[in-house]
There are 2 protein chains.
Amino acid sequence: MKKVTLKSLAISLGLTESTVSRALNGYSDISESTVKRVNKAAQELGYKPNQNARRLATGVAEAVAFVIPQNHSSLAEPFVAQLLQGLDESLSRRGWDLLVSHALTAEDESNTIQRLITSGRVSGVVLSRPFRHDERIDLLQAAKFPFVVHGRSASCDSYAWYDIDNELAFETAVKHLADIGHQRIGFIGAPLYFNFAYQRLQGYRAGLKSLGIQYDESLVQITELSDDAGERAATDLLNSNNAPTAFLCVSDTQAFGVLAAIRGQGLVAGSDVSVIGYDGLKIGRHTNPPLTTMSQPLAQSGRELGDMLLAIIDGDNPTNHQVLKRAKLLVRNSDGPLWTQ
Amino acid sequence: MKKVTLKSLAISLGLTESTVSRALNGYSDISESTVKRVNKAAQELGYKPNQNARRLATGVAEAVAFVIPQNHSSLAEPFVAQLLQGLDESLSRRGWDLLVSHALTAEDESNTIQRLITSGRVSGVVLSRPFRHDERIDLLQAAKFPFVVHGRSASCDSYAWYDIDNELAFETAVKHLADIGHQRIGFIGAPLYFNFAYQRLQGYRAGLKSLGIQYDESLVQITELSDDAGERAATDLLNSNNAPTAFLCVSDTQAFGVLAAIRGQGLVAGSDVSVIGYDGLKIGRHTNPPLTTMSQPLAQSGRELGDMLLAIIDGDNPTNHQVLKRAKLLVRNSDGPLWTQ
DNA sequence: GTTGCTTCCGAAAGCGTTTTCGGTATAGGA
DNA sequence: TCCTATACCGAAAACGCTTTCGGAAGCAAC
């Protein structure tokens with residue numbers, strides 16, 4: 001069970017390595033008959049090209065990296081598994097590898113990117129959860145290194161991304177709440193250096209504006225992306241002398257906390273107070289009450305991202321790959337009409 | 001901004017590539033002064049060794065693969081992100097890569113493993129959620145390829161694993177339920193080709209036995225690892241003429257469904273019927289009612305798995321690396337004493 | 001002043017591919 | 001018959017690094 005290499009294959013065929021190599025790689029200057037012969041032998045002997053050698057020779061890494069988002073806290077990372085699955089699906093069709101990478105600290109993120117692009121281990125990168133102004137993206141662009149991002153930063157004209165229309169989603173949510181009578185709508189946001197958080201806040205404001213509702217800063221709370229943070233924020237709001245009758249949250253995770261806060265006040269979500277989350281986590285079906293939420297279609301976002309990246313690596317213009325999906329309101333039971341007295 | 005290679009580094013130092021290489025890799029036959037000189041220059045010029053070249057030369061891949069578990073259905077994969085994070089942490093301390101891989105179909109799993117071990121892309125593999133009899137493990141062992149598994153199969157004496165004591169966990173859970181008066185304890189299981197499912201069933205039976213409770217097959221349901229499946233199974237059980245007063249589930253996800261089933265019957269979990277899940281998902285705090293569950297300590301399982309694998313690759317005996325943790329009962333509100341009339 | 005150790009570094013052979021460049025047949029056209 | 005174009009394949013360099021081996025100093029000791 002010796003390692004079968006190009007050389008041994010060639011010898012057993014009475015050919016040279018170069019011929020065999022070209023035959024295997026579909027060069028046109030090899031007779032059809034030998035191509036067949038070579039393929040057959042390769043098949044039978046179980047020849048697997050040594051990836052490292054091939055990569056060294058060609059200079060292409062045949063691998064891309066996924067940078068794991070920093071957020072420990074978030075419960076909302078069922079995404080990751082799905083995304084990875086999809087990415088790998090796309091990549092493995094070409095026999096490429098998917099490798100994951102993480103940064104220990106926030107500052108370290110840029111270093112991680114630097115390492116990735118200089119070490120030649122990967123020929124592309126997929127980022128997720130970008131910041132509003134994201135240094136990593138700047139680095140990638142400056143290095144002219146192929147990448148796609150799941151989400152997008154503030155200035156996203158010149159690179160490839162796959163995102164949900166956050167503004168639209170929150171406008172939609174606000175309108176829904178207004179439709180059922182709510183005027184004082186609390187907003188549980190996330191740090192605005194996350195662009196999605198910023199956009200969602202924008203959407204919230206835009207929604208209010210289009211309805212002629214005055215934006216009231218005392219109704220918005222910026223918190224971490226955790227259930228506890230959501231709970232604390234909602235409790236504060238509920239106890240203020242200007243308590244909202246409804247909550248809009250930038251994540252389901254926070255919304256879970258908000259539901260807890262509402263129960264904690266002896267109120268019931270869905271009748272006394274409404275709450276709408278964002279993410280469409282399946283688990284939201286089981287909360288008390290089941291969470292109404294804006295659900296984003298991430299079914300095969302991984303595959304799409306992979307395909308995009310591959311295309312870009314092949315030379316496609318990144319700006320040809322900017323896809324914007326829209327979220328859908330998924331009504332469960334945490335929202336309801338405002339009690340008018 | 002030319003690519004700085006070993007050669008260019010050597011030239012700029014007035015040394016040869018081999019000397020520089022040995023200096024960088026800590027060989028002892030290089031004078032301390034030149035080692036310093038070399039390191040300094042490498043630092044300044046930003047030298048990054050080309051991984052592919054290095055791997056080709058050394059023959060070691062400096063990368064390990066994580067095989068994504070097949071289970072689409074499960075909501076319970078927040079694990080994956082955590083695990084990956086931990087793995088990467090362990091590996092990156094050595095500068096190794098972590099790559100993920102998945103199989104499209106169940107049969108494909110073995111092929112995936114085959115490819116991984118033959119293609120030389122990785123020097124180790126981490127598996128998760130093994131089957132009771134797992135062909136992948138057989139393959140790996142036959143090939144004498146380094147690997148660790150998160151969980152373990154039926155015959156696990158000769159390889160490295162990291163697992164929770166499933167039997168103990170379920171004995172504990174059964175005892176807890178019995179302590180608060182329950183005798184008819186339903187069991188929502190998973191397909192027994194999953195070893196963890198098998199072991200948990202064993203634990204359930206052992207627990208009953210030690211308490212002198214008769215094992216009643218009509219109280220156990222084997223279902224998928226999904227909330228819907230859990231709900232259906234629990235509904236069936238609840239409607240039988242021998243309805244259990246408590247449920248034990250092999251996963252939180254199923255338990256969420258069970259809670260739904262109970263509500264669906266107009267009963268209330270925690271007083272009318274008890275339910276205990278397994279996994280310790282944080283999200284269980286927010287269900288209706290909050291789910292009592294067996295929580296497993298997976299905080300840094302990723303790092304531990306990584307360290308184990310690294311040690312094995314370095315030549316350690318796999319059987320030195322078999323760690324068994326225990327789960328802890330995390331009491332929330334879905335369990336309660338049996339109403340005696 | 002030869003011998004024998006160390007200490008340090010250079011030379012060179014790989015590792016397994018890819019790819020460019022020639023070179024030999026063979027065929028086709030005159 | 002000779003010439004040129006075409007089809008096919010071999011030779012060889014390159015990719016960037018590691019590692020074995022040997023050799024040149026330097027030093028001590030006899």
Side-chain angles (χ1 to χ4, degrees), chain A residues 2-39 41-42 45-63 94-97 115 117-123, chain B residues 2-39 41-42 45-63 94-97 118-123:
Chain A
K2 292 271 83 151
K3 197 130 246 139
V4 37
T5 130
L6 199 58
K7 189 196 283 192
S8 70
L9 221 195
I11 291 179
S12 81
L13 278 166
L15 294 172
T16 60
E17 308 177 40
S18 60
T19 305
V20 175
S21 171
R22 293 204 306 281
L24 255 16
N25 291 330
Y27 276 57
S28 62
D29 65 344
I30 304 291
S31 78
E32 199 163 330
S33 64
T34 58
V35 168
K36 275 214 190 75
R37 217 157 58 89
V38 168
N39 281 327
L45 298 180
Y47 168 71
K48 300 276 177 197
N50 179 314
Q51 304 272 0
N52 295 321
R54 146 184 277 257
R55 288 170 189 179
L56 176 56
T58 60
V60 359
E62 299 200 333
R94 268 210 206 183
W96 283 37
D97 287 340
R115 267 200 305 277
I117 66 189
T118 57
S119 72
R121 298 182 298 183
V122 296
S123 30
Chain B
K2 290 274 85 165
K3 195 131 251 143
V4 37
T5 128
L6 198 58
K7 189 196 282 191
S8 70
L9 220 196
I11 291 178
S12 81
L13 278 166
L15 294 172
T16 61
E17 307 177 41
S18 60
T19 305
V20 176
S21 170
R22 292 205 306 283
L24 255 16
N25 291 328
Y27 276 57
S28 62
D29 64 343
I30 304 290
S31 78
E32 199 163 330
S33 64
T34 58
V35 168
K36 275 212 191 76
R37 216 158 59 88
V38 169
N39 281 328
L45 298 179
Y47 168 71
K48 300 277 177 197
N50 179 315
Q51 305 271 0
N52 295 321
R54 145 183 279 258
R55 288 170 189 178
L56 176 57
T58 61
V60 358
E62 300 200 331
R94 267 211 207 182
W96 283 36
D97 287 340
T118 59
S119 72
R121 298 181 300 183
V122 297
S123 29

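Chain letters run A, B, ... following the sequence lines, proteins first, then strands; residues in each count from 1.
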Heavy-atom side-chain contact between A:V38 and A:L15 under 4.5 Å: yes
Classify the nucleic acid contact of A:S31 as base, sugar-phosphate or nothing, counting any heavy atom under 4.0 Å across all strands shown. sugar-phosphate
I need the minimum non-hydrogen distance between B:G46 and B:V4, along with the two atoms involved. O-CG1, 3.5 Å
List in chain and number order the residues that pass side chain to side chain contact (heavy atoms under 4.5 Å, CB included) with A:I11, two or more places apart in sequence or in another chain; answer none if no residue qualifies. A:K7
Do you know which two heavy atoms are closest between A:V60 and A:W96, and how far apart they sit? CG2-CZ2, 4.4 Å
A:T19 side chain near D:dG10 phosphate (N/O to OP1/OP2, under 4.0 Å): yes
Taking C-beta and beyond as the side chain, do B:L9 and B:L45 meet within less than 4.5 Å on heavy atoms? yes
Nearest 0.5 Å please: distance from the CG atom of A:L6 over to the CG atom of A:L24. 7.0 Å
Atom-to-atom span, CZ of A:R121 to P of D:dC17 - whole angstrom: 14 Å
Is it true that a side-chain atom of B:T58 and a backbone atom of B:R54 form a donor plus acceptor pair closer than 3.5 Å? yes
If you assign each of B:V4 and A:S33 to its closest nucleotide in DNA chain D, which residue comes earlier from the 5' end? A:S33
As an exercise, state the distance from OG1 of A:T34 to CD of A:E32, rounded to the nearest 0.5 Å. 9.5 Å
Compare every heavy atom of B:A61 with every heavy atom of B:G120, then report the nearest pair and how far apart it is. O-CB, 3.6 Å
Taking five pairs at each end of the helix from C:dG1-D:dC30 to C:dA30-D:dT1, what angle separates the two helix axes (nearest 10°)? 60°
Just to be sure I understand the geometry, which residues of residues 49-61 of chain A put a non-hydrogen atom under 4.0 Å away from DNA chain C? A:P49, A:N50, A:A53, A:R54, A:A57, A:T58
When you measure from the side-chain N and O atoms of B:S21 to the phosphate of D:dT19, is any distance below 4.0 Å, counting only OP1 and OP2? no
Start and end of the DNA chain C segment that chain A contacts, any atom under 4.0 Å from a heavy atom: C:dG16 to C:dT20
Between CD1 on residue B:I30 and OG on residue B:S21, distance to nearest 0.5 Å: 9.0 Å
Quick check for you: to the nearest 0.5 Å, what is the distance between A:R22 atom CZ and A:T16 atom OG1? 7.0 Å
Hey, could you give me the OG1/CD distance between A:T19 and A:E17, rounded to the nearest 0.5 Å? 9.5 Å
Check DNA chain D against residues 5-15 of chain B and give the residues with a non-hydrogen atom under 4.0 Å, in numerical order. B:T5, B:L6
Straight-line distance of A:R121 CZ to A:D97 CG, nearest 0.5 Å: 12.5 Å
With side chains defined as the heavy atoms from C-beta onward, is the minimum distance between B:V35 and B:Y27 less than 4.5 Å? no
Atom pairs, N/O to N/O, protein against nucleotides 20-28 of chain D, distance under 3.5 Å?
{"unit_1": "D:dT20", "atom_1": "O4", "unit_2": "B:R22", "atom_2": "NH1", "d": "3.4"}

